[in-house]
Amino acid sequence: MSRWAIPDWLEVEVKARDKACVYCGTQLIEQVPPQGPRKAVATWEHIINDANLVTRENIARCCVACNSSKGTKRLADWLKSSYCKKHGINKDTVAEVVKDSLRANP
Ligand SMILES: [Zn+2]
């Protein structure tokens, strides 16, 4: 179990699926580099901010930069933020798992 109470099997599955940030597509790195930017470090993300939704549809990996920008915002609201505009992130550029979540929860 990870500190976010994600079962091991799900952690393995999501790590295999999300090699890049599900939002901005940055190639994820596993550990904070000794020097250099840490914004590409992988973090665990609940696409819908509900700690009880621990499913392959709601658990994803994204970069530190997107995670801290999204915070507790609803996905649909965050996609309208200046961060997403600046980084060219929208409903058409995000990963499939995020698109599925948007379709299910518009
Ligand atoms: Zn990102």
Side-chain angles (χ1 to χ4, degrees):
M1 298 277 273
S2 72
R3 66 203 163 100
W4 296 107
I6 300 165
D8 288 340
W9 65 267
L10 183 57
E11 189 172 318
V12 169
E13 189 179 307
V14 172
K15 273 186 176 172
R17 182 193 65 197
D18 302 339
K19 301 280 189 204
C21 173
V22 295
Y23 298 128
C24 72
T26 284
Q27 212 57 35
L28 293 170
I29 54 176
E30 298 301 326
Q31 267 161 18
V32 180
Q35 62 250 342
R38 57 185 289 275
K39 62 181 197 279
V41 172
T43 62
W44 291 101
E45 161 73 353
H46 288 80
I47 297 174
I48 297 167
N49 293 313
D50 182 342
N52 296 315
L53 277 179
V54 183
T55 62
R56 65 168 63 80
E57 290 80 20
N58 197 51
I59 298 293
R61 298 209 306 161
C62 72
C63 70
V64 166
C66 288
N67 204 339
S68 62
S69 171
K70 181 165 174 281
T72 57
K73 296 178 195 77
R74 281 188 69 238
L75 177 59
D77 294 336
W78 179 64
L79 287 173
K80 295 174 201 149
S81 70
S82 57
Y83 174 92
C84 288
K85 288 202 177 78
K86 184 177 158 208
H87 293 270
I89 301 168
N90 60 57
K91 62 177 171 48
D92 299 316
T93 66
V94 292
E96 281 307 315
V97 63
V98 181
K99 288 180 183 170
D100 288 343
S101 182
L102 280 168
R103 275 192 285 268
N105 310 277

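Each ligand, and each atom within it, is numbered from 1 in the order the structure gives. Nothing here was measured: the structure is a model prediction, and the numbers come from that model. Residue numbers start at 1 and run along the sequence shown.
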Residues forming a side-chain contact (heavy atoms from CB on, under 4.5 Å) with I48, sequence neighbours excluded: D50, L53, N58, S101, N105
Salt bridge (Lys or Arg N to Asp or Glu O under 4.0 Å) partners for K99, two or more places apart: E96
Those residues that, when tested against E30, pass salt bridge (Lys or Arg N to Asp or Glu O under 4.0 Å) (two or more places apart): R61
Heavy-atom donor-acceptor pair, S81 side chain to W78 backbone, under 3.5 Å: yes
Side chain to side chain contact (heavy atoms under 4.5 Å, CB included) evaluation trace for L79 with Y23: CA-CA 9 Å; L79 287 173; Y23 298 128; 5.6 Å; no
Protein N, O or S within less than 2.8 Å of the Zn ion (ligand 1), waters excluded: C21 SG, C24 SG, C63 SG, C66 SG
Heavy-atom pair of closest approach, residues T26 and A40: CG2-CB, 3.6 Å
